[in-house]
Amino acid sequence: MIALACDHGAFDLKHAIMKHLDEKGLAYKDFGCYDKTSCDYPDFAGPAAKAVASGECDRGIVVCTTGIGVSITAHKVRGIRCALLSDVMSARLTREHNDTNMMAIGAGVTGEMLALEIVDTWLNTEFSHAERHQRRIDKVMALEND
């Protein structure tokens, strides 16, 4: 199950992602927002990140106008590794090397076609399980305990 969340600035992109996931038969849970009324992204990205961290959802995709606010919000939740993505290569490498469990996209930065390609690449790329990558992830995650 994929957690999805957006603010008003990325409402249309979230719906394009939902349609895309529907076409691929992938399950998701929509954490909002639910219309284009001005809103605060932490109210939606926060619960989506908590759902990923708790295991309710396997991964999460959060979107706002730049992707920055939702990625910062997701990172405030213990256990989240969220990558702000705007290209396919980064989507692949952040899964292979960082085992990210959330991704963020800026609807005002990345066009819909590219965004959907990034989503596909991120969802379809597995973690490498290379010792050096796991060692680095462990060091990053240990910072939450400082």
Side-chain angles (χ1 to χ4, degrees), residues 1-130 133-134 136-141 143-144:
M1 173 91 56
I2 301 162
L4 293 178
C6 72
D7 71 354
H8 58 282
F11 182 78
D12 291 336
L13 180 57
K14 183 188 75 171
H15 277 270
I17 293 169
M18 291 167 63
K19 180 180 177 204
H20 188 70
L21 296 175
D22 284 336
E23 290 169 356
K24 295 189 170 295
L26 297 173
Y28 58 85
K29 182 173 180 180
D30 182 4
F31 286 85
C33 70
Y34 304 107
D35 61 40
K36 292 185 180 182
T37 304
S38 182
C39 63
D40 299 331
Y41 55 82
D43 295 341
F44 308 102
K50 288 178 181 179
V52 173
S54 74
E56 175 187 348
C57 294
D58 303 308
R59 294 200 211 163
I61 300 171
V62 289
V63 290
C64 65
T65 301
T66 63
I68 296 167
V70 291
S71 66
I72 291 170
T73 300
H75 276 287
K76 293 297 182 180
V77 176
R78 183 179 299 278
I80 294 301
R81 290 180 309 283
C82 182
L84 174 54
L85 300 172
S86 59
D87 66 90
V88 174
M89 183 182 80
S90 294
R92 180 178 55 82
L93 291 176
T94 196
R95 285 289 307 133
E96 287 178 357
H97 295 193
N98 310 118
D99 196 20
T100 49
N101 52 12
M102 293 192 74
M103 61 166 281
I105 297 180
V109 177
T110 306
E112 181 180 316
M113 288 179 65
L114 177 56
L116 297 178
E117 187 176 356
I118 290 167
V119 166
D120 284 344
T121 300
W122 186 76
L123 288 173
N124 293 323
T125 302
E126 295 297 323
F127 176 51
S128 71
H129 294 282
H133 297 309
Q134 187 60 59
R136 293 167 188 158
I137 292 168
D138 293 343
K139 288 179 179 183
V140 169
M141 299 313 289
L143 293 170
E144 290 181 342

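These numbers were taken from a predicted model, which means no experiment stands behind them.
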Taking all atoms of both residues into account, what is the closest heavy-atom pair of [X] and [Y], and its distance?
| X | Y | answer |
| --- | --- | --- |
| H75 | I80 | ND1-O, 4.0 Å |
| G46 | T73 | N-CG2, 3.6 Å |
| D7 | C33 | C-SG, 3.4 Å |
| R59 | L123 | NH1-CA, 3.3 Å |
| G69 | Y41 | O-CE1, 3.2 Å |
| G79 | N101 | O-ND2, 2.9 Å |

Output the distance between atom CG (D87) and atom CZ (R92), rounded to the nearest 0.5 Å.
-> 10.0 Å
Interatomic distance, D12 atom CG to C6 atom SG [nearest 0.5 angstrom] = 9.0 Å
Short question: side chain of [X], backbone of [Y] - any donor-acceptor pair under 3.5 Å?
| X | Y | result |
| --- | --- | --- |
| S128 | E96 | yes |
| T125 | T121 | yes |
| D58 | M1 | yes |
| S71 | I68 | yes |
| R81 | I137 | no |

Just say parallel, tilted or perpendicular for the rings of H97 and H133, cut-offs at 30° and 60°.
-> parallel
Kindly indicate, with the supporting measurements, whether the criterion side chain to side chain contact (heavy atoms under 4.5 Å, CB included) is fulfilled by F44 and V70.
-> CA-CA 9 Å; F44 308 102; V70 291; over 6 Å; no
For residues D35 and T37, is any side-chain donor paired with an opposing acceptor at under 3.5 Å?
-> yes
Check whether any side-chain heavy atom of [X] lies under 4.5 Å from a side-chain heavy atom of [Y], and answer yes or no.
| X | Y | result |
| --- | --- | --- |
| I61 | W122 | yes |
| L21 | L4 | yes |
| D99 | H129 | no |

Residue set satisfying side-chain contact (heavy atoms from CB on, under 4.5 Å) with D40, at least two apart, ordered chain then number -> P42, D43
Does the side chain to side chain contact (heavy atoms under 4.5 Å, CB included) test come out yes or no for N98 and R136, once each step is laid out?
-> CA-CA 8 Å; N98 310 118; R136 293 167 188 158; over 6 Å; no
Distance-only donor-acceptor hits, side chain of residues 103-120, under 3.5 Å, sequence neighbours excluded:
residue	atom	partner	partner atom	Å
D120	OD1	H20	NE2	2.7
D120	OD2	H20	NE2	3.0

